[in-house]
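Data block below; observations after.
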Amino acid sequence: MTNLVYFSSVSGNTKRFIEKLGRSAARIPLHAREAALHADEPYVLVVPTYGGGDGKGAVPKQVIRFLNDPDNRSKIRGVISAGNTNFGTAFGLAGDIIAEKTGVPHLYRFEVFGTPDDVRAVDDGLDAFWSTQQLQTVSQ
């Protein structure tokens, strides 16, 4: 397992972003007939936003199914979302919804498959975030 879990549709936009990060990551299966992913350590979730702005269907069903597993949900530590700025206030909405429902921070949002600046910001941000998480674990 890895500390990065993501979902990517057949378009592969989120997968391309993950590949540019160069970090190991576990993918939530695209199809229900595939074996379910089970997180065995804390992770940050990277998720695309679906829909056109009304919030309905913003979180992919595969991600909902993954987070409906109490053990998977207990290990989420943060969320990063992808989206399209053409959707206005719904840009990255899936991250807002997941953050609210799981009580974790929405760490970052990027458009479609991210720019080099997005990749650098997320890479640096993940290092800083996990350093903070380790400090919290040690002090508990």
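All residue numbers in this chain count up from 1 along the given sequence.
- Under a hydrophobic-cluster definition in which Ile, Leu, Val, Met, Phe, Trp and Tyr are linked whenever side-chain heavy atoms come within less than 4.5 Å, directly or via other members, Val10 and Phe113 are assigned to different clusters.
- Under the side-chain contact (heavy atoms from CB on, under 4.5 Å) criterion, Asp69 pairs with His38, Asp71, Asn72, sequence neighbours left out.
- The salt bridge (Lys or Arg N to Asp or Glu O under 4.0 Å) check on Asp96 picks up Arg109, with sequence neighbours excluded.
- Scanning all heavy atoms of the two residues, the minimum distance from Ala94 to Val47 falls at CB-CG1, 4.3 Å.
- Judged as a side-chain contact (heavy atoms from CB on, under 4.5 Å), and not counting sequence neighbours, the contacts of Arg77 are Pro42, Phe129, Trp130, Gln133.
- In this structure, CD1 in Ile76 is found 4.5 Å from OH in Tyr43, a value given to the nearest 0.5 Å.
- Looking only at side-chain heavy atoms (C-beta outward), Val122 and Val46 stay at 4.5 Å or farther from each other.
- Taking Phe17 as the reference, Phe110 meet the ring pair (Phe, Tyr, Trp, His ring centres under 6.0 Å) condition, with sequence neighbours excluded.
- Residues forming a side-chain hydrogen bond (donor to acceptor under 3.5 Å, both in side chains) with Arg16 (at least two apart in sequence, or on another chain): Asn13.
- Minimum heavy-atom separation, Pro29 to Phe7: O-CE1, 3.8 Å.
- Across every non-hydrogen atom of Pro60 and Pro48, the tightest pair is CD-O, 3.5 Å.
- A 4.5 Å side-chain heavy-atom check between Val59 and Leu67 finds every atom pair outside the cut-off.
- For the atom pair CD1 (Ile18) and CZ (Arg23), the distance works out to 10.0 Å, reported to the nearest 0.5 Å.
- Scanning all heavy atoms of the two residues, the minimum distance from Ala58 to Leu93 falls at CB-CD2, 4.1 Å.
- Scanning all heavy atoms of the two residues, the minimum distance from Gly57 to Tyr50 falls at O-CB, 3.2 Å.
- In this structure, Phe66 and Ala39 approach most closely via the heavy-atom pair CZ-CB, 4.2 Å.
- Taking hydrophobic clusters as Ile, Leu, Val, Met, Phe, Trp and Tyr residues chained together by side-chain heavy-atom distances below 4.5 Å, Val104 shares a cluster with Ile28.
- By the salt bridge (Lys or Arg N to Asp or Glu O under 4.0 Å) test, Asp124 pairs with no residue at all, sequence neighbours left out.
- Taking the side-chain hydrogen bond (donor to acceptor under 3.5 Å, both in side chains) definition, one finds that Thr102 meets it with nothing, sequence neighbours left out.
- Taking 4.5 Å as the limit, every side-chain heavy atom of Leu37 sits out of range of all side-chain heavy atoms of Arg27.
- Taking Asp117 as the reference, Thr115, Arg120 meet the side-chain contact (heavy atoms from CB on, under 4.5 Å) condition, with sequence neighbours excluded.
- Taking Ile, Leu, Val, Met, Phe, Trp and Tyr as hydrophobic and joining them when side-chain heavy atoms fall under 4.5 Å apart, one finds Phe91 isolated, its cluster having no other members.
- For Lys20, there are no salt bridge (Lys or Arg N to Asp or Glu O under 4.0 Å) partners at least two apart in sequence or on another chain.
- Residues that satisfy the salt bridge (Lys or Arg N to Asp or Glu O under 4.0 Å) test with Glu34, not counting sequence neighbours, are absent from this structure.
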Side-chain donor-acceptor distances from residues 78-86 under 3.5 Å, at least two apart:
unit_1: Ser81; atom_1: OG; unit_2: Gly92; atom_2: O; d: 3.2
unit_1: Ser81; atom_1: OG; unit_2: His106; atom_2: NE2; d: 2.7
unit_1: Asn84; atom_1: OD1; unit_2: Asn86; atom_2: N; d: 2.8
unit_1: Asn84; atom_1: OD1; unit_2: Asn86; atom_2: ND2; d: 3.3
unit_1: Thr85; atom_1: OG1; unit_2: Glu111; atom_2: OE1; d: 3.2
unit_1: Thr85; atom_1: OG1; unit_2: Glu111; atom_2: OE2; d: 3.0

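- Atom OG1 of Thr14 is separated from atom OH of Tyr6 by 9.0 Å, given to the nearest 0.5 angstrom.
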